[in-house]
Amino acid sequence: MKFARLGPLGAEAPVVITEDGVRSLAGLTTDLDAGFWEADGPARVAAALAAGELPLVENADDLRIGAPLARPGAIICIGMNYAAHAAESGAEPPSSPVIFFKAPNTLAGPNDAVTIPKGSTKTDWEVELGVVIGKRASYLDSPADSLDHVAGFVVANDLSERAFQIEQSGGQWSKGKIAAGFSPVGPWLITPDEVEHQKLSLRSFVNGEPRQDSSTADQIFDVATVIHHLSQYMVLDPGDLIMTGTPEGVALSGRFPYLRPGDVVEVEIDGLGRQRQEYVAFEAAR
């Protein structure tokens, strides 16, 4: 199934996208949140669709597309999960997943404008496969148990400010990862039964020029391994988002310039959709 959230920022409404149109979930749930996944939301939606109970959304194409999940409790990211990206970052491929966190308020819609942070000189793009947790996961016995805890998959752009991340880090990456709007997600969420998540091509473009072009098959740690590993250190709750790492082709490589006001970034993953963001200059509040 394909889920999305449409409408103004802060007032997005949950929908399901079907072959015959976009249908409202207002009668089933207030949002695509933890409660929706905990209450077996997709099964209830399937039953409602079969019964013809979900009304079409008028003028759906004219509505803003929000992130296809409500504000998560946690955004967990995996660093250097593609060997070639580790190399362009000047690092050896990790022997264990590298983990960092982003603030929930970095979540943004897939086509929302992104403000380059105040003082930024090195804002960078990162196309990534995102995983939304659907069932609580803690101390899983093996990676074989992991996918039972997945609600679905999304396109994510793990934006970074490299000077903040590396030169001003103090030993952690988070300073370069947590600016407002630095986690565009969507346009939709696809349930696991409809996607071969370890065989997906993912690409990025800046001003129409190709930057990244790889496959999730090239991940050092696959999705099942990542979820199992995380569950040994933290509780993953329904609605949490995991960003699983980016392939080579980012500005940090030195091959491309960092983002400037007026630049347009597009990222896409086969079957999961495409994002487009314009980057704008920071303006102090008046």
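Quick note: residue numbers are just sequence positions, from 1. Basis for what follows: all heavy atoms, side chains included, without hydrogens, waters or symmetry-related copies. Just so it is clear, the model here is predicted, and its values are computed rather than measured.
Here the closest non-hydrogen pair linking Val127 and Ile269 is CG2-CG1, 4.3 Å. The shortest non-hydrogen separation linking Ala151 to Pro192 is O-CD, 3.2 Å. Shortest non-hydrogen contact noted between Phe256 and Ser253 is CD1-OG, 4.1 Å.
Under a cut-off of 6.0 angstrom, the local environment of CD in Glu58 is sparse, with at most 12 non-hydrogen atoms contributed by other residues, nucleotides or ligands. No more than 12 heavy atoms of other residues, nucleotides or ligands sit less than 6.0 Å from atom CG of Asp61. The number of heavy atoms from other shown groups lying within 6.0 Å of CZ (Arg260) does not exceed 12. The number of heavy-atom neighbours closer than 6.0 Å to CD of Glu196, taken from other residues, nucleotides and ligands shown, is 12 or below. Within a 6.0 Å sphere centred on CD of Glu194, heavy atoms belonging to other residues, nucleotides or ligands number more than 12.
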Tell me, with the steps shown, if Asp148 and Lys135 meet salt bridge (Lys or Arg N to Asp or Glu O under 4.0 Å). CA-CA 8 Å; Asp148 289 339; Lys135 183 170 68 173; 5.4 Å; no
Under the side chain to side chain contact (heavy atoms under 4.5 Å, CB included) criterion, do Val264 and Arg276 qualify, and how do the steps go? CA-CA 7 Å; Val264 173; Arg276 182 186 186 278; 3.7 Å; yes
Please walk me through it: do Asp222 and Thr225 pass side chain to side chain donor-acceptor pair (under 3.5 Å)? CA-CA 5 Å; Asp222 64 18; Thr225 299; 2.8 Å; yes
Do Lys175 and Glu161 pass the salt bridge (Lys or Arg N to Asp or Glu O under 4.0 Å) test, and can you show the C-alpha distance, the side-chain angles, and the key distance before you say yes or no? CA-CA 8 Å; Lys175 290 179 184 176; Glu161 210 300 335; over 6 Å; no
Audit row: Gln277, Asp112, side chain to side chain donor-acceptor pair (under 3.5 Å) steps and yes/no: CA-CA 6 Å; Gln277 302 111 29; Asp112 293 346; over 6 Å; no
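Screening Glu268, Glu266, Gln212 for a side-chain hydrogen bond (donor to acceptor under 3.5 Å, both in side chains) with Arg203, the sole residue that qualifies is Glu268. When the options Leu189, Ile17, Val15 are evaluated for a side chain to side chain contact (heavy atoms under 4.5 Å, CB included) with Pro68, the one that passes is Leu189.
Looking at Pro184 and Leu159, their side chains come closer than 4.5 Å, going by heavy atoms from C-beta outward. Within the 4.5 Å cutoff, the side chain of Leu25 has heavy atoms near those of the Leu32 side chain. A heavy-atom distance below 4.5 Å is found between the side chains of Val114 and Phe182. Side-chain contact between Ser183 and Met243 is present, with heavy atoms from C-beta onward closer than 4.5 Å. Between Val223 and Ser146 there is no side-chain heavy-atom pair separated by less than 4.5 Å. Contact check for Ser138 versus Ser231: no side-chain heavy atoms found under the 4.5 Å cut-off. The shortest distance between side-chain heavy atoms of Trp125 and Arg211 falls below 4.5 Å. Within the 4.5 Å cutoff, side-chain heavy atoms of Ile76 are placed close to those of Met234.
The pair Glu38-Arg136 fails the salt-bridge criterion, with no side-chain N (NZ, NE, NH1 or NH2) lying under 4.0 Å from an Asp/Glu carboxylate O. Salt-bridge formation is detected for the pair Arg255/Glu248: a Lys NZ or Arg NE/NH1/NH2 atom is positioned less than 4.0 Å from an Asp or Glu carboxylate oxygen. For the pair Asp33 and Arg71, the salt-bridge criterion is not met [side-chain N within less than 4.0 Å of a carboxylate O].
Using cut-offs of 30° and 60° on the angle between ring planes, the pair Trp37 and Phe3 is perpendicular.
Not a single donor-acceptor pair under 3.5 Å links the side chain of Ser215 to the backbone N or O of Asp218. Not one N or O on the side chain of Gln275 forms a donor-acceptor pair closer than 3.5 Å with the backbone of Pro187. Side chain of Asp124 to main chain of Ala251: a donor-acceptor pair is present (N/O by atom type, distance under 3.5 Å, no hydrogens or angles). Within the 3.5 Å criterion, the main-chain N or O of Glu126 finds no donor-acceptor partner in the side chain of Asp158.
Of the inter-residue distances, the one linking Arg23 atom CZ with Leu56 atom CG reads 3.5 Å to the nearest 0.5 angstrom.
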